[in-house]
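For reference, the structure discussed in these notes is given below.
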Amino acid sequence: MSMLFDRVRLGALCQSRPLESAAPGCRWGDFTAVLVAGLGVAGYLSLRGATNAALFILLFLALLHGRAWWAESRGRWHRFVPLMVALAAPIVALAMGQLFRQAWVLKAYDAPSRMLLAIPVLLYFHQRRIDFARIVGYAAPLGLYVMLLEVWLDPAASAQWGSRYATYFVDTDTFGVYGLVLTGFCLFSLRFTSGWSGVLLTGWQSLGVLVGIYLVIGSGTRTAWYVIPVVFALWLWLNRRHVKPWWLAACIVVLAAVLMLDHGIAARVLSGYNEIHQWLTGTQRDTSAGLRLTMWHMSWELFKHRPWSGYGDTGYLAYLSQPWITSIAPPSQAIAIEHGPHNELLANLLRSGVAGGMAVLCQFLIPLAFFWKRRNAADAVAMRASRLGLLYIVCVMSMSVGFEMFTLKYTASFYGLMIACLGAQVLWSEQAARQAAPLTNEAARG
């Protein structure tokens, strides 16, 4: 446990903060925040409501410490504004779309509000100096191990999806997509250190990578499969100064072996490319990938007819019988869009018009630029958090092409927690490094 809390510095933070020292339960508040944040990651895909509950508990703790983080943030708001914009953009876009349509549906604000509520958590984690990246390094493997146990102990959940892996509340596509995110967290948390505790932690995370890949493959989610090489390529590139050439060769050999030894996986991977080719040539459009391409075409036409107001969640269904839609797809295929176009950008263009598209760009590009800029930060704590944040954004951006990433409440809560907690760690570690620099220089001169 000391490894987990050596960066949290429970209680020690209160020494230089007179406002904070007046708050009772400082040490236990930090301890609770660490455990709850870990639960939000570990229980994301294995325990219904865990991530939502974690967000609300952390929000409650943030409000209890509101006076302290408000005092610390005063005069420094510009440092938080980019991440605040990313977290607030979805709910602002939704309100703008409903304003244009003059149709107010309060239920629609449920998921976007989770991201907005993460803003106080951002300020709270910054003020408390909590090392969220280290929490992720412990919690992500644990979450994957629990998912594996659920798949083995509750086969009925997977049986509902044709034996593709799922849990009792997570469908197979969400299972595969976010299972890859947790796997990437395990991979990016790896640090090869000496000592028995370092070896145990490396083993814990390495096994998490293997279990995660097994679960992602078992989910049968091609959207996630295609991004697996992206995750490993990003990790190898970021660690290129320390990676041995044989590591790259080993990754290629393992990937080739999986495709060669398991003909079912190879056939499913190649079928995606074949289905796209058939759709483009017009020989066969009624396939899994073909229907998605058709839905994207329909979504673009629908957006062009109502670019400013959008249609809300399902308002576009009333237009599926219009000639400009039936010319794209017959009713038997057009109805596939009933549950959304399976693309995050197009889904928000349909829901809220131009404002929805701008919100998605804010959700992706602002954190991408924020974490990318600090991916090689001199401070190791900032670098680790930045690389985890970069991995998360690259994954959700890549997979959002074929999947709606933030439609569900717990996926929206997870986005809020990742951006707020990782962003807070980057900002407080940068601030600490700047404050320590003059002291270091003075000591060197002395």
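Residues take their numbers from the sequence shown, with the count starting at 1. Quantities reported herein were computed from a predicted structural model and do not represent experimental measurements.
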I want to know whether [X] and [Y] have ring centres closer than 6.0 Å.
X	Y	answer
Tyr145	Trp204	yes
Tyr319	Tyr311	yes
Phe403	Tyr178	no

Distance-minimising heavy-atom pair for [X] and [Y]:
X	Y	answer
Ile366	Pro82	CG2-O, 3.2 Å
Ala89	Ala359	O-CB, 3.6 Å
Arg384	Ala133	NH1-CB, 3.8 Å
Cys362	Ala86	O-CB, 3.6 Å
Cys395	Val181	CB-CG2, 4.0 Å
Ser113	Asp110	OG-O, 2.7 Å

**Request:** Under the side-chain hydrogen bond (donor to acceptor under 3.5 Å, both in side chains) rule, collect the residues that match up with Tyr168, sequence neighbours excluded.
**Result:**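 side-chain hydrogen bond (donor to acceptor under 3.5 Å, both in side chains) check on Tyr168 returns nothing, list empty.
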**Asked** side-chain hydrogen bond (donor to acceptor under 3.5 Å, both in side chains) with Tyr214: which residues, sequence neighbours excluded?
**Response**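 In terms of side-chain hydrogen bond (donor to acceptor under 3.5 Å, both in side chains), with neighbours along the sequence ignored, Tyr214 is linked to Tyr165.
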**Prompt:** For atom CH2 of Trp237, is the number of surrounding heavy atoms from other residues, nucleotides or ligands below 6.0 Å larger than 12?
**Reply:**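 More than 12 heavy atoms, drawn from other residues, nucleotides or ligands, come within 6.0 Å of this atom.
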**CE (Met383) with more than 12 external heavy atoms under 6.0 Å** =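 Correct, the count exceeds 12.
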Quick one: does any side-chain atom of [X] pair with a main-chain N or O of [Y] as donor and acceptor, under 3.5 Å?
X	Y	result
Thr174	Asp171	no
Asn343	Val401	yes
Ser158	Ala166	yes
Ser386	Trp372	no
Thr51	Gly40	yes
Gln333	Leu291	no
Gln425	Ala385	no
Ser219	Val216	yes

Look up atom [atom1] in [X] and atom [atom2] in [Y], then write down how far apart they are to the nearest 0.5 Å.
X	Y	atom1	atom2	answer
Ile337	Leu302	CD1	CG	6.0 Å
Leu422	Leu427	CG	CG	11.0 Å
Ile119	Met84	CD1	CE	5.5 Å
Met405	Phe364	CE	CZ	7.0 Å
Gln127	Ile130	CD	CD1	9.0 Å
Leu417	Arg114	CG	CZ	11.0 Å

Just jot down the ring pair (Phe, Tyr, Trp, His ring centres under 6.0 Å) partners of [X], sequence neighbours excluded, or say none.
X	result
Trp104	none
Phe56	none
Trp300	Phe303

Do [X] and [Y] make a side-chain contact, defined as non-hydrogen atoms from C-beta onward lying under 4.5 Å apart?
X	Y	value
Val231	Val227	yes
Val41	Leu182	yes
Arg292	Thr223	yes
Ser206	Leu190	yes
Leu39	Leu35	no
Ile419	Ile393	yes
Leu45	Phe414	no
Trp235	Arg387	no

Do [X] and [Y] have a side chain donor and acceptor closer than 3.5 Å?
X	Y	result
Trp279	Thr294	yes
Asn274	Gln278	no
Gln322	His305	no

**Asked** salt bridge (charged side-chain N to carboxylate O under 4.0 Å, His left out) with Glu150: which residues, sequence neighbours excluded?
**Response**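 With neighbours one apart ignored, the set is empty.
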**Prompt:** Step by step, would you call Glu344 with Phe406 a side chain to side chain contact (heavy atoms under 4.5 Å, CB included)?
**Reply:** CA-CA 8 Å; Glu344 188 67 28; Phe406 312 125; 3.6 Å; yes
**Message:** Closer than 4.0 angstrom, basic N to acidic O: yes or no for Asp173 and Arg164?
**Reply:**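 Answer for the salt bridge query: yes.
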**Request:** Determine, for Phe370 and Arg374, whether the Lys NZ or Arg CZ falls below 6.0 Å from the six-membered ring centre while staying within 45 degrees of the axis.
**Result:**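 Verdict for Phe370: a cation-pi partner in Arg374.
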**Request:** Find out whether the Lys NZ or Arg CZ of Arg222 is both under 6.0 angstrom from the six-membered ring centre of Trp225 and within 45° of the ring's axis.
**Result:**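 Relative to the ring axis of Trp225, which defines the angle, Arg222 lies outside at least one limit.
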**Message:** Working note: Tyr392 + Phe371, criterion ring pair (Phe, Tyr, Trp, His ring centres under 6.0 Å); need CA distance, chi angles, decisive distance, verdict.
**Reply:** CA-CA 10 Å; Tyr392 174 68; Phe371 292 121; 8.8 Å; no
**Message:** Checking Leu238 against Leu390 for the side chain to side chain contact (heavy atoms under 4.5 Å, CB included) test, could you report, in this order, the C-alpha distance in whole Å, the side-chain angles of both residues, the deciding distance, and whether it holds?
**Reply:** CA-CA 11 Å; Leu238 290 174; Leu390 182 61; 4.3 Å; yes
**Request:** Please work out whether the ring planes of Phe100 and Trp308 are parallel, tilted or perpendicular, with thresholds of 30° and 60°.
**Result:**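 It falls in the tilted class, 30° to 60°.
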**Request:** Start with the C-alpha distance between Leu388 and Ser189, add both sets of side-chain angles, then the distance that settles side chain to side chain contact (heavy atoms under 4.5 Å, CB included), and finish with yes or no.
**Result:** CA-CA 8 Å; Leu388 284 177; Ser189 297; 4.0 Å; yes
**Request:** Tell me, with the steps shown, if Tyr273 and Tyr226 meet ring pair (Phe, Tyr, Trp, His ring centres under 6.0 Å).
**Result:** CA-CA 11 Å; Tyr273 298 104; Tyr226 296 146; 5.5 Å; yes
**Trace of the side chain to side chain contact (heavy atoms under 4.5 Å, CB included) decision for Phe80 with Leu122** = CA-CA 8 Å; Phe80 303 99; Leu122 163 68; 4.2 Å; yes
